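Note that these values count all heavy atoms, side chains included, but never hydrogens, waters or copies made by symmetry. Just so it is clear, the model here is predicted, and its values are computed rather than measured. Position 1 is the first residue of the sequence; numbering continues from there.
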Amino acid sequence: MARLLADRPADALTIGDMARQLGHSHGAVRNAALTLVRRGEADQGGTGQPEFRANAKTAAAAQTAVISPPGTHSPRARAATARTTILAAATPRQTGPIRRAGGQLYHPRELADLPDVEALNRLRDADVPVLLYGPPGTGKTSLVEAAFPDLLTVAGDGDTTVGDLIGEYTQDDGGNYVFQYGPLVTAMTEGRALLIDDATLISPKVLAALYPAMDGRRQIQVKAHKGETIKAEPGFYVVAGHNPGVHGAVLTEALASRFSVQIQIGTDYDLALALRIDARVVRVARHLARQVELGELGWAPQLRELLSYQKTEAVLGTKAALANLVGIAPVEDRDAVADAVIKAVGVKTIAPLTLGKQLSASAVRQPPGSTGSAHRGRSR
């Protein structure tokens, strides 16, 4: 692997590119590539499908072959069994921020006495599918992206079809119809992780196409493409997201039974404070979240809304950011959110961010640091 990258220093190679040239499975190539990246002997990029490049250490890595002793090159399942017996305290813990594929930082949280990203990787090694559930905006997708750099994602909704998962015929530039494989087939053949986001919004009949890939068969049949059989390579893994409070989200018994581990995800308000979000607003969010837990309210700001508040405040100021926070609340909960904001911040009234009357030309706000006389002077 290192030799291939070193021989092509100007190229960014995908797992598929390298698997074809090396003659190994996608799963084996993926594991080797990620090992080089972890050791600092190759660089990883790409915003969707991961790409790998040589760096200053790749050529040296290519000169030294690392050969496992006889009998130690065991299947992934056996290696996973051995790995999960290691005590958590003796395992390296990645607690610092992790940069996701899009460049954003993810701050790991604790899960089963481990960093959450490490826990998810152990579950992947053991082929234990995971369902993450909780309100929108709590970081479910961010966690999965941080844990699995090779991730493919399906954004589920009521219109998702079997073709969106497996693939369908599309017309190329020459007017010919060709079969374009979907993310499920790509993840299976390349040994990658697959996130089914908002899985409970997808029709159960559509999700049924996924189940044979997750059970002992580890394969699916693509009826639309000559009945082709697709087998899952080692490394293929499914994780799903579920937002219980979203209208139309139904967790069926058939879906729930496919996910042996189900993890509740909530907002880490201590993290919000560490990110220097206004402490008063975080206090409001905590208070509203407690009311949601008691069934007295249906909505509370999650980390996504708090980060949006911080950005809006930086651009438009505190008053506008507070008004926007009230405005994004569901109509039925808006008065309760406004009351909580008023008590925490000390303002008399607060209303959703709304356009006001038309401004006259003389009333238009001048840019910060400038004066009307200065502008008049320049206009002369």
Side-chain angles (χ1 to χ4, degrees), residues 100 102 104-112 116-117 119-120 129-147 151 153-158 160 195-202 239-252 255-256 259 261-275 277-312 321-322 324-341 344 352:
R100 292 151 52 198
Q104 307 94 332
L105 291 178
Y106 177 77
H107 299 263
R109 300 164 65 180
E110 186 175 285
L111 175 62
D116 50 13
V117 291
L120 285 193
V130 169
L131 175 72
L132 305 176
Y133 68 95
T138 50
K140 296 185 291 296
T141 303
S142 300
L143 164 57
V144 181
E145 289 178 347
L151 184 70
T153 301
V154 174
D157 57 37
T160 301
L195 168 63
I196 310 294
D197 209 3
D198 286 322
T200 48
L201 294 178
I202 301 175
V239 59
H242 167 43
N243 298 320
V246 172
H247 178 70
V250 178
L251 180 59
T252 64
L255 179 61
F259 292 91
V261 172
Q262 300 183 15
I263 303 169
Q264 183 175 9
I265 307 290
T267 285
D268 183 350
Y269 292 109
D270 290 333
L271 172 60
L273 290 172
L275 296 176
I277 297 171
D278 189 330
R280 299 172 302 173
V281 176
V282 175
R283 194 159 55 245
V284 168
R286 283 187 192 271
H287 170 70
L288 295 173
R290 283 194 293 270
Q291 289 185 277
V292 171
E293 290 177 3
L294 295 172
E296 299 172 354
L297 203 63
W299 181 88
Q302 304 299 329
L303 185 59
R304 180 186 297 163
E305 287 79 27
L306 294 177
L307 290 171
S308 295
Y309 170 87
Q310 186 180 49
K311 292 178 181 178
T312 305
L322 290 171
N324 185 60
L325 185 65
V326 171
I328 63 176
V331 174
E332 61 270 22
D333 297 319
R334 198 169 288 169
D335 289 343
V337 174
D339 289 342
V341 170

Chemist: Report the distance from atom CG of Leu120 to atom CG of Leu132, rounding to the nearest 0.5 Å.
Modeler: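 Leu120 atom CG to Leu132 atom CG measures 6.5 Å (nearest 0.5 Å).
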Chemist: Would His107 and Leu275 count as a side chain to side chain contact (heavy atoms under 4.5 Å, CB included) if you check the C-alpha gap in whole Å, the side-chain angles of each, and the deciding distance to 0.1 Å?
Modeler: CA-CA 10 Å; His107 299 263; Leu275 296 176; 3.8 Å; yes
Chemist: Counting only N and O atoms by type, is there a donor-acceptor contact under 3.5 Å from the side chain of Lys140 to the main-chain atoms of Gln264?
Modeler: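 No, the answer is negative, given that no donor and acceptor are paired below the 3.5 Å cut-off.
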Chemist: Please lay out, stage by stage, how Tyr309 and Leu322 fare under the test side chain to side chain contact (heavy atoms under 4.5 Å, CB included).
Modeler: CA-CA 8 Å; Tyr309 170 87; Leu322 290 171; 3.8 Å; yes
Chemist: Within the distance-only criterion (no hydrogens, no angle test), does the side chain of Asp116 pair as donor or acceptor with the backbone N or O of Arg109 below 3.5 angstrom?
Modeler: yes
Chemist: Would you confirm whether Asp268, through its side chain, and Leu271, through its main-chain N or O, come within 3.5 Å as a donor-acceptor pair?
Modeler: yes
Chemist: Within the 4.5 Å heavy-atom criterion, are Trp299 and Glu305 side-chain neighbours or not?
Modeler: yes
Chemist: Please identify which of these residues, Leu306, Ile277, Leu303, meets the side-chain contact (heavy atoms from CB on, under 4.5 Å) condition with Tyr269.
Modeler: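 Filter result, single survivor: Leu306.
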Chemist: Determine the sole option in Val117, Leu195, Thr153 for which the side-chain contact (heavy atoms from CB on, under 4.5 Å) test with Val144 is passed.
Modeler: Leu195
Chemist: If the condition is side-chain contact (heavy atoms from CB on, under 4.5 Å), which residues does Ala256 pass it with, not counting sequence neighbours?
Modeler: Leu251, Gln262
Chemist: Any side chain to side chain donor-acceptor pair (under 3.5 Å) pairs touching residues 324-336, not counting sequence neighbours?
Modeler: none
Chemist: Before you tell me yes or no, could you show the steps for Asn243 and Asp198 under side chain to side chain contact (heavy atoms under 4.5 Å, CB included), namely the whole-Å CA-CA distance, both residues' side-chain angles and the distance that decides it to 0.1 Å?
Modeler: CA-CA 7 Å; Asn243 298 320; Asp198 286 322; 2.6 Å; yes
Chemist: Is there a salt bridge (Lys or Arg N to Asp or Glu O under 4.0 Å) between Asp270 and Arg286 once you walk through the steps?
Modeler: CA-CA 10 Å; Asp270 290 333; Arg286 283 187 192 271; 2.6 Å; yes
Chemist: Quick one: side-chain contact (heavy atoms from CB on, under 4.5 Å) partners of Glu145, sequence neighbours excluded?
Modeler: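 So Glu145 forms a side-chain contact (heavy atoms from CB on, under 4.5 Å) with Arg100, Thr141, Leu151.
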Chemist: Could you measure the distance from the NE2 atom of His242 to the CG atom of Leu131? Nearest 0.5 Å is fine.
Modeler: 6.5 Å
Chemist: Run the side chain to side chain contact (heavy atoms under 4.5 Å, CB included) check on Leu288 and Gln291 step by step: do they pass?
Modeler: CA-CA 5 Å; Leu288 295 173; Gln291 289 185 277; 3.5 Å; yes
